[in-house]
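Heads up, the thing below is written out as structure tokens.
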Amino acid sequence: MGGQIIVIGAGAAGLSAALSLADKNIKVLLVSDQPSERAQSVMAEGGMNAALISEGSEDSVQKHAEETLQAGRNLADRQAVEGMTQAAPLIVEKLYSQGMSWTLNEAKQPQRRAFGGQKYKRTAFAADSTGKQLMHTLTEQVRRYEAEGCIKRKIGWQFLKLLYSQEKAGAVSESTEDGAAERRVCGCVLYDELREQYEAVYGEGVIIASGGLNGLFGNATGSVRNTGYVTASLFADGIPLANGEFIQYHPTTVRLHGKQMLITEAARGEGGRLFVERNGKPYYFMEEKYPELGNLMPRDVVSREEWKLMAEGYQIWLDIRGLDADIYKNRLRGVVDVCQTFLGLDPTKKSIPIAPGIHYFMGGIRVDREHRTAVRGLYAAGECACQYHGANRLGGNSLLGALYGGQKAAESAVFDLTMEEEAEDYRHVLNRTGEESLSNSGKVSEQRNVPGVFKSENENAADRMKKLQSILRESLGIIRDEKELQSGLEAVRKLSESVKEKDEADTLILENKRFKDSCLLGEAMLLSALNRKESRGAHQRSDYPEELQAYQKTTLARYTKDGIQISFEAIDESNGGSEAWR
């Protein structure tokens with residue numbers, strides 16, 4: 001196969017996709033604005049789920065799938081979830097063979113710990129730095145392929161815009177109003193903010209692995225470098241968003257310098273207990289209300305119980321005192337160090353003051369069970385895509401979903417390209433490197449015809465973004481109602497309308513377009529929440545407190561010439577709908 005596949009994002013999903021392609025001798029252009037060592041995936045602490053069957057164990061890949069579906073309140077596609085859980089043990093074993101530093105048991109096999117929403121110990125881990133160890137392992141594999149020339153990395157470049165070829169006309173365009181079925185992705189425009197340079201790159205497919213929407217909300221546990229702009233740009237381009245209303249609040253975070261610092265779920269998996277002070281005594285509320293799983297109930301349940309107590313004026317505490325010294329030293333060393341460094345307390349002696357914080361986005365770019373989007377040649381994997389987690393992600397499934405999703409996206413890209421009879425008809429377009437109005441280098445300020453590039457002397461961009469973040473956080477909290485959602489929607493629209501796309505010189509390039517697209521994505525999330533008139537998983541409405549069978553469907557948001565359209569689609573249809581263009 002000639003040409004190359006472009007992968008946007010170099011976290012766990014992006015590296016998984018790149019390695020899967022390279023294993024098949026497909027050339028890869030791996031694009032990221034930061035090195036992989038600074039990707040969001042590095043921050044994963046607790047572990048990765050896999051039903052590693054051992055003697056005496058009652059666990060199974062099917063039980064893993066069932067608990068994943070149950071935690072997601074049956075909004076995930078069963079076939080996709082079962083594929084992920086079936087592959088999980090093989091993924092763990094392969095990483096081990098590649099040098100992944102799993103914490104091992106006496107049999108020299110990956111140790112497993114308890115994690116939320118699961119009855120069995122199936123979360124493999126590397127102390128409390130699983131993400132760091134994983135990314136080190138994957139990065140070493142990528143470097144081997146880089147040395148062989150199969151993978152080429154572009155670090156420091158940001159995604160700006162997709163490029164499409166009109167299948168009938170064979171011409172490159174930045175967008176079309178004629179519908180996604182008539183477009184095929186043939187590349188994208190990248191931007192180097194430091195040098196103010198842009199470049200059009202071309203490939204026979206694009207895999208989006210750009211991560212979650214932390215920067216759209218601010219004060220999240222994840223990296224604000226994950227701005228959500230790639231998802232916003234795709235949505236503004238007419239590519240559907242699925243289940244945008246489902247935002248996971250992690251039960252144990254600490255507010256620190258305008259950011260939520262995560263206290264890993266592993267702390268509770270190793271025996272940590274949640275409580276509030278009531279009448280001078282500790283009240284272990286999760287153990288009282290949910291005796292079977294207690295502090296390890298699914299995250300949406302724990303966060304909701306905490307929110308109720310906080311509304312009554314209680315401070316929530318996490319108690320990890322009294323654990324074995326070996327656990328502090330070898331499994332929770334990071335938790336101890338973080339608390340001592342940033343909170344000034346020793347968690348082996350004092351309880352940790354915690355509160356729920358935005359942590360993960362179950363919704364995202366709508367993909368089918370093979371990770372195809374609605375547009376030919378475009379795929380998505382990892383947190384930016386909507387797959388596997390339904391209404392609430394099971395703890396320990398994030399890294400697994402990213403690795404497995406990256407593999408599936410790569411497999412689909414290769415399969416589709418080999419099946420397309422018309423491949424030779426558009427290859428002349430894909431291999432063009434600089435003949436369009438977008439040259440391969442130069443200052444954007446000198447190229448006024450670059451799609452989506454604007455300058456403005458409007459209000460400071462950082463201040464505008466803070467306003468948007470504040471509106472979305474207040475409107476899309478743990479408990480919502482129509483009044484708050486409607487108020488947030490109106491505020492976002494007003495904020496977006498206040499930004500004029502003028503050609504002035506006082507504001508940094510691209511900011512207006514990015515902000516307008518971010519507002520559009522925020523509107524879609526609010527409209528999704530408004531239209532889901534029930535309570536399910538991470539979407540809880542005080543005015544519609546019941547979970548309803550009628551809403552056991554995927555929420556779809558589409559941006560058309562008539563504005564944002566919201567609809568609901570049967571789960572099997574939403575996960576198979578993109579296959580029609582194969």
Side-chain angles (χ1 to χ4, degrees), residues 70-76 213 216-217 219-220 241-251 285-286 289-290 297-314 316 355-363 386 389-393 467-495 519-558 563-571 574:
Q70 183 178 359
R73 304 311 305 152
N74 299 305
L75 278 196
L213 309 178
L216 193 63
F217 284 74
N219 294 351
L241 176 80
N243 289 344
E245 67 270 36
F246 293 105
I247 302 168
Q248 183 172 86
Y249 282 74
H250 197 287
F285 55 94
M286 291 305 299
K289 295 194 68 172
Y290 306 95
M297 284 292 287
R299 291 173 178 175
D300 62 318
V301 177
V302 183
S303 293
R304 191 160 60 249
E305 293 297 334
E306 290 178 344
W307 182 88
K308 293 176 182 177
L309 289 167
M310 291 170 64
E312 297 177 20
Y314 288 102
I316 313 297
I358 293 174
H359 181 59
Y360 192 90
F361 298 85
M362 277 74 72
C386 179
H389 308 305
N392 175 59
R393 177 172 67 82
K467 288 182 179 180
L468 177 60
Q469 291 169 344
S470 178
I471 293 168
L472 294 178
R473 286 198 308 270
E474 292 175 7
S475 305
L476 290 167
I478 295 176
I479 307 293
R480 308 154 182 180
D481 62 33
E482 183 164 358
K483 181 179 179 181
E484 289 177 341
L485 292 169
Q486 192 64 50
S487 176
L489 183 62
E490 293 172 0
V492 170
R493 287 172 173 169
K494 183 177 180 180
L495 186 61
C519 286
L520 197 65
L521 181 60
E523 282 188 52
M525 298 174 78
L526 287 163
L527 283 168
S528 296
L530 270 167
N531 280 271
R532 183 173 287 278
K533 297 181 179 181
E534 65 157 356
S535 290
R536 183 185 297 267
H539 172 71
Q540 295 291 311
R541 295 211 26 188
S542 59
D543 47 352
Y544 295 98
E546 302 298 323
E547 182 176 299
L548 303 176
Q549 181 66 28
Y551 284 98
Q552 193 171 311
K553 297 179 179 180
T554 299
T555 314
L556 290 182
R558 293 183 177 89
I564 298 173
Q565 309 296 319
I566 304 294
S567 62
F568 291 92
E569 194 169 63
I571 294 170
S574 64

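Along the sequence shown, residues are numbered consecutively beginning with 1.
Atoms CG and CD, on L527 and Q486 in that order, are 8.0 Å from each other to the nearest 0.5 Å.
N243 and R532 get closest at one heavy-atom pair: OD1-NH2, 4.1 Å. Of all heavy-atom pairs spanning L485 and L526, the tightest one is CD2-CD2, 4.0 Å. Contact between I247 and A538 at its shortest, heavy atoms only, is O-CB, 3.3 Å. The two residues L495 and L468 come nearest to each other via the heavy atoms CD2-N, 3.7 Å. Taking both residues in full, the closest heavy atoms of M525 and G244 are given as CE-O, 3.3 Å, listed atom of the first, atom of the second, then distance.
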Inset, instruction - Just do the ring pair (Phe, Tyr, Trp, His ring centres under 6.0 Å) check on Y249 and Y360 with the steps written out, would you? - result: CA-CA 7 Å; Y249 282 74; Y360 192 90; over 10 Å; no
Inset, instruction - Begin from the C-alpha positions of E306 and Y314 and carry the test side-chain hydrogen bond (donor to acceptor under 3.5 Å, both in side chains) through to its verdict. - result: CA-CA 9 Å; E306 290 178 344; Y314 288 102; over 6 Å; no
Inset, instruction - Test side-chain hydrogen bond (donor to acceptor under 3.5 Å, both in side chains) on N392 and Q248 and set out the steps. - result: CA-CA 6 Å; N392 175 59; Q248 183 172 86; 3.0 Å; yes
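A salt bridge does not link R541 to E534: none of the charged side-chain nitrogens sits closer than 4.0 Å to a carboxylate oxygen.
Looking at P251 and P356, their side chains never come closer than 4.5 Å, going by heavy atoms from C-beta outward. A heavy-atom distance below 4.5 Å is found between the side chains of F361 and F217. Between E482 and L530 the shortest side-chain heavy-atom distance falls below 4.5 Å. Proximity of T555 to N531: side-chain heavy atoms (C-beta onward) are nowhere separated by under 4.5 Å.
For the residue pair Q565/R558, the side-chain donor-acceptor check at 3.5 Å is not satisfied.
Between H359 and H250, the ring planes lie perpendicular to each other; the angle is over 60°, past the 30° to 60° tilted range.
With hydrogens and angles ignored, the 3.5 Å screen pairs no side-chain donor or acceptor of S487 with any backbone N or O of K483.
The side chain to side chain donor-acceptor pair (under 3.5 Å) test with H539 is passed by exactly one of E245, R480, E547: R480.
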